[in-house]
Structures are given as structure tokens and as C-alpha cells.
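These figures come from a predicted structure and were not determined experimentally. Throughout, a chain's letter reflects where its sequence line sits, starting with A, and its residues are numbered from 1.
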There are 2 protein chains.
Amino acid sequence: MAVSTVGAASATRAGQDPAMCPYRLVLEHVTSRWGVLVLIELLERPYRFSELRRAIGRVSGRGVSEKMLTQTLQTLERDGLVHRDARPVIPPRVDYSLTDLGREAAEQVRALAQWTQDRMADVERARHAYDEARQARDGAHNR
Amino acid sequence: MAVSTVGAASATRAGQDPAMCPYRLVLEHVTSRWGVLVLIELLERPYRFSELRRAIGRVSGRGVSEKMLTQTLQTLERDGLVHRDARPVIPPRVDYSLTDLGREAAEQVRALAQWTQDRMADVERARHAYDEARQARDGAHNR
DNA sequence: CAGTATCCGTAGGGATACTG
DNA sequence: CAGTATCCCTACGGATACTG
């Protein structure tokens with residue numbers, strides 16, 4: 001049975017909408033495109049800004065824009081998940097790391113990401129089955 | 001230490017970009033705004049289309065549009081997480097439920113949502129601290 | 001009821017240039 | 001290096017109307 005009140009949903013644009021129940025906002029920060037990646041990477045070790053940027057955009061297509069990374073980090077910092085350690089040296093050096101709270105979140109996110117990877121085979125099979133069924137249907141429809 | 005390969009990230013627009021490593025796509029489907037809510041609701045019990053629509057948009061602001069719910073459900077169905085049971089009666093009746101695979105995903109998502117709720121107090125405190133520190137800084141900056 | 005098809009607005013997010 | 005400030009565009013997602 002349900003764990004408790006999680007089943008109570010809300011909606012509206014995510015962004016800054018004040019009319020949304022507060023926990024949904026945090027959830028969206030954590031599950032956001034870059035939020036997910038930032039948390040997972042920081043679970044490994046602390047990172048500097050540009051270092052993190054490169055780490056995230058490692059594989060395929062271009063990575064995060066500076067703007068988005070900044071924005072993501074600020075949001076997560078404000079929520080108390082990420083710690084920002086800016087040291088007044090030249091050139092500037094800023095290290096980002098997880099807080100205890102952030103680590104808890106990151107572990108859950110990583111678990112989900114890991115699950116996704118582990119189950120990719122099943123997903124791929126489901127997709128092919130779906131696509132073939134669809135094609136058969138559309139074919140019948142057109143003849 | 002890291003569980004394995006999850007730390008390897010990718011990027012590019014989520015949508016249908018073929019150049020993104022496949023598991024990231026599934027992760028984005030699962031963590032998408034409506035995907036999260038659909039999975040959590042369906043964990044409770046099966047739902048009919050409109051019923052699900054209403055259940056999701058229960059609390060605050062307006063809920064999901066038909067379009068978005070349809071799209072979300074189709075994506076999740078294609079990924080093999082949701083089962084669609086369309087019965088040829090009049091009026092049409094379609095029930096959505098979780099597959100075994102979907103249930104695994106949904107449980108992780110619900111755990112994350114639950115965690116978020118449980119830790120809201122900490123998050124709120126962090127936010128106030130952040131906002132005050134920021135205001136103090138900006139104040140000093142302007143004087 | 002359960003969708004599909006269209007039109008359309010907006011803000012999410014990328015690229016670039018500039019600052020401390 | 002680590003950001004901020006701007007410009008700009010597209011695709012996410014809402015509203016509406018129509019179909020099976």
C-alpha cells in the first residue's frame with residue numbers, strides 16, 4: 001500500500017510557480033536534466049566548476065552550457081543539497097560538493113540511473129515489440 | 001565508491017536526439033514532469049485515462065493537458081513500463097497499469113518523492129539561510 | 001470516453017560577449 | 001577560472017476542435 005501522502009499530486013508550470021506544493025519543486029530540481037547529472041557526478045568526488053562541466057558533457061553531443069550549470073548548481077545549493085566552497089585566490093577557485101542532505105538525494109538518483117541502465121535490455125525489447133505492433137496496425141489501416 | 005558506469009554522462013537535447021546514450025532517454029522519461037506523477041499514481045492502482053488525468057491535477061493549479069498525458073503514457077508504454085488495456089466497448093474504456101518493469105521504476109521514483117517530502121523541513125531551512133546570506137551580501141554590495 | 005490533429009505562446013535553455 | 005548579462009530560437013506543453 002501507499003507509503004503515505006505522496007499520491008497527492010499537483011501541477012502547474014514547474015519553474016517558480018508559488019501555487020505548487022513545495023516538495024514537488026525540490027523533486028523537479030533533483031530530477032531536472034542537469035540536476036540528475038550533477039548529483040551523480042558529485043557523488044564521486046568534489047568538482048570545480050569547469051571540471052564538472054567537462055565531466056558532464058563527456059560522451060555524446062555538447063554538454064551543459066555555463067548558464068545551465070550555474071543555474072542548476074545555484075538551485076541545488078539553495079535547496080541545501082550542494083555545498084559551494086569559493087576560495088578568494090587568483091585565479092578564482094570554487095569547489096562544489098554534496099552536503100549530507102545532497103548525498104542522500106544523490107544516492108537515490110544514482111540508484112534510479114543504475115536501475116535504468118540495468119534494465120535497458122528489457123526496455124529495448126519492449127520498444128521493438130511496441131514499434132512492430134504499431135507498424136502492423138498502421139499497415140492494416142492503410143490497406 | 002561508484003556503483004559502476006553511471007558516472008559516464010551525456011547531453012544534448014533530451015527529446016528524440018539519437019546521439020544520446022539510450023539509458024539517459026529512459027531516465028528522462030521516468031523523471032519527466034508528468035512521468036513521475038503517472039508512475040506514482042499508477043503504483044496505487046490501475047486508472048482509466050480521464051480518471052488518471054483528474055487524479056494528477058487534484059491539488060494546486062491546473063493538471064495535465066490531454067495531450068501531455070497521452071504523450072507521457074505512450075512514451076512509458078513504449079518503454080515497457082506501463083500496460084495499456086483498451087477494451088472495444090462503447091463508450092471506449094482504456095485502463096492503464098504498471099508492468100513489472102514499471103513497478104520497479106515507480107517504486108524508486110516514489111521513494112525519491114517520499115524522501116523529498118520527508119526532508120522538506122531541512123530544505124526550507126537551507127533556503128532561508130541561503131536567502132539571508134545573499135541579502136546580506138547584496139546589501140553590503142550596495143552600500 | 002479516449003484519444004488525434006492544429007495552432008500557438010512562452011520560457012527553457014544554448015551561444016556569445018563581458019566582468020571580477 | 002568562474003561566473004553574469006544578453007540575445008534569440010525552438011520545442012515543450014496548453015487550448016481548442018474534431019474523430020472513432
Item to complete: Not counting sequence neighbours, which residues clear side-chain contact (heavy atoms from CB on, under 4.5 Å) with B:Thr75? List them please.
Response: B:His29, B:Asp79

Fill in: Whole angstrom value for the distance that separates P of C:dG12 from CD of B:Glu28
16 Å

Worksheet entry | With sequence neighbours excluded, residues passing side-chain contact (heavy atoms from CB on, under 4.5 Å) with B:Asp118 | B:Gln114

Worksheet item: Of B:Leu81, B:Val38, B:Leu43, which is the lone residue that meets side chain to side chain contact (heavy atoms under 4.5 Å, CB included) with B:Leu98?
Response: B:Leu43

Item to complete: Using side-chain contact (heavy atoms from CB on, under 4.5 Å) as the criterion, list what pairs up with B:Pro22, not counting sequence neighbours.
Response: A:Met120, A:Glu124

Worksheet item: Looking at residues at least two apart in the chain, or sitting in another chain, which of them share a side-chain hydrogen bond (donor to acceptor under 3.5 Å, both in side chains) with A:Asp95?
Response: A:Arg93

Practice prompt. To the nearest Å, give me how far apart CG (A:Leu69) and C1' (D:dA5) are.
Written response: 17 Å

Worksheet item: What bend angle does the helix from C:dC1-D:dG20 to C:dG20-D:dC1 show across its length, from five-pair end axes and to the nearest 10 degrees?
Response: 50°

Worksheet item: Can you name the residues that form a side-chain contact (heavy atoms from CB on, under 4.5 Å) with A:Ala86, not counting sequence neighbours?
Response: A:Arg84, A:Val94

Response to the item:
Whole-Å distance, B:Arg33 CZ to D:dG13 C1', equals 8 Å

Worksheet item: With sequence neighbours left out, which residue pairs that include part of residues 67-78 of chain B fulfil the salt bridge (Lys or Arg N to Asp or Glu O under 4.0 Å) condition?
Response: A:Asp131-B:Arg78

Fill in: Rounded distance (Å) that lies between atom C1' of D:dC8 and atom CE of A:Met68
14 Å

Worksheet item: Who passes side-chain hydrogen bond (donor to acceptor under 3.5 Å, both in side chains) against A:Arg45, sequence neighbours left out?
Response: A:Glu51

Do any N or O atoms of the protein come closer than 3.5 Å to N or O atoms of nucleotides 2-4 of chain C, and which pairs are they?
residue: C:dA2; atom: OP1; partner: B:Arg48; partner atom: NE; Å: 2.9
residue: C:dA2; atom: OP1; partner: B:Arg48; partner atom: NH2; Å: 3.1
residue: C:dA2; atom: OP2; partner: B:Ser50; partner atom: N; Å: 3.1
residue: C:dA2; atom: OP2; partner: B:Ser50; partner atom: OG; Å: 3.1
residue: C:dG3; atom: OP1; partner: B:Arg84; partner atom: NE; Å: 3.3
residue: C:dG3; atom: OP1; partner: B:Arg84; partner atom: NH2; Å: 2.5
residue: C:dG3; atom: OP1; partner: B:Tyr96; partner atom: OH; Å: 3.4
residue: C:dG3; atom: OP2; partner: B:Tyr96; partner atom: OH; Å: 2.4
residue: C:dG3; atom: N7; partner: B:Glu66; partner atom: OE1; Å: 3.2
residue: C:dT4; atom: OP1; partner: B:Gln74; partner atom: NE2; Å: 3.2
residue: C:dT4; atom: OP2; partner: B:Gln74; partner atom: NE2; Å: 3.3

Practice prompt. Could you check how far NE2 of B:His29 sits from C1' of D:dC12, rounded to whole Å?
Written response: 13 Å

